[in-house]
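Note sheet for the following structure.
Count residues from 1 along the sequence.
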Amino acid sequence: MALPGMDQLSQRDQMQVMQAVNEMQMQEMMNTYNNLVEKCFNECVTSFRTKALESSEEQCVTRCVQKFMSFSQRVSLRFQEKQQQMQLQKPS
């Protein structure tokens, strides 16, 4: 992953920047995962009579996760398209 201006930094600074970026990405991924779990749990789990999910709850969770993954994939594609457009518009 090449960030603008990275080539002007020392190798040590580049490594520190990349480590910080990786940590931020990991934190964002964990936040996204936690939000997904919380949203799908709150939306789908309605019975606490047994340890296992009821069939309807399990189906709801599956649909919830699939919707989320589909949405995330679509947003990611749009983001990539916008990045490409910005790169093409950038003066050389």
Side-chain angles (χ1 to χ4, degrees):
M1 176 181 173
L3 297 173
M6 288 285 285
D7 55 340
Q8 298 170 359
L9 299 175
S10 69
Q11 187 154 1
R12 180 174 177 262
D13 289 343
Q14 286 180 17
M15 289 176 58
Q16 287 178 338
V17 168
M18 291 310 296
Q19 182 178 357
V21 168
N22 288 338
E23 288 172 5
M24 288 171 33
Q25 288 176 332
M26 179 60 82
Q27 185 63 44
E28 185 62 31
M29 186 177 72
M30 292 304 298
N31 287 341
T32 300
Y33 173 78
N34 289 335
N35 289 336
L36 170 65
V37 170
E38 183 178 357
K39 179 181 178 0
C40 292
F41 180 87
N42 290 338
E43 188 175 308
C44 297
V45 179
T46 57
S47 172
F48 296 94
R49 292 178 291 185
T50 65
K51 291 181 183 179
L53 292 174
E54 293 182 1
S55 176
S56 60
E57 293 172 329
E58 195 169 333
Q59 291 171 3
C60 179
V61 168
T62 299
R63 280 192 310 273
C64 181
V65 170
Q66 286 173 340
K67 273 186 178 180
F68 178 84
M69 296 303 290
S70 176
F71 172 77
S72 294
Q73 185 177 25
R74 197 169 8 180
V75 167
S76 178
L77 288 173
R78 296 298 177 255
F79 181 73
Q80 288 174 358
E81 289 171 2
K82 286 292 185 186
Q83 277 188 316
Q84 289 173 353
Q85 288 174 356
M86 289 171 59
Q87 288 295 326
L88 293 175
Q89 293 173 354
K90 206 182 240 188
S92 300

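With E23 as reference, Q19 is the one residue of Q25, Q27, Q19 to meet the side chain to side chain donor-acceptor pair (under 3.5 Å) rule.
For the two cysteine residues C64 and C44, the thiol sulfurs sit 2.5 Å or further apart.
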Step-by-step side chain to side chain donor-acceptor pair (under 3.5 Å) determination, S47 to R49
CA-CA 6 Å; S47 172; R49 292 178 291 185; 3.1 Å; yes
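Atom CD of Q11 sits in a sparse spot, with 12 or fewer heavy atoms from other residues, nucleotides or ligands closer than 6.0 Å.
To the nearest 0.5 Å, the span separating CD on E54 from CD on Q59 amounts to 11.0 Å. Between atom CD of residue E28 and atom OG1 of residue T32 there is a gap of 4.5 Å, rounded to the nearest 0.5 Å. In this structure, CG in L9 is found 9.5 Å from CD in Q16, a value given to the nearest 0.5 Å.
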Expected list for residues 34-42: side-chain donor-acceptor pairs under 3.5 angstrom, two or more places apart:
residue	atom	partner	partner atom	Å
N34	ND2	M30	O	3.2
N35	ND2	N31	O	3.2
K39	NZ	E43	OE1	3.0
N42	ND2	E38	O	3.2

Residues 70-79 side chain polar contacts: donor-acceptor under 3.5 Å, at least two apart:
residue	atom	partner	partner atom	Å
S72	OG	F68	O	3.0
R78	NH1	E81	OE2	3.3

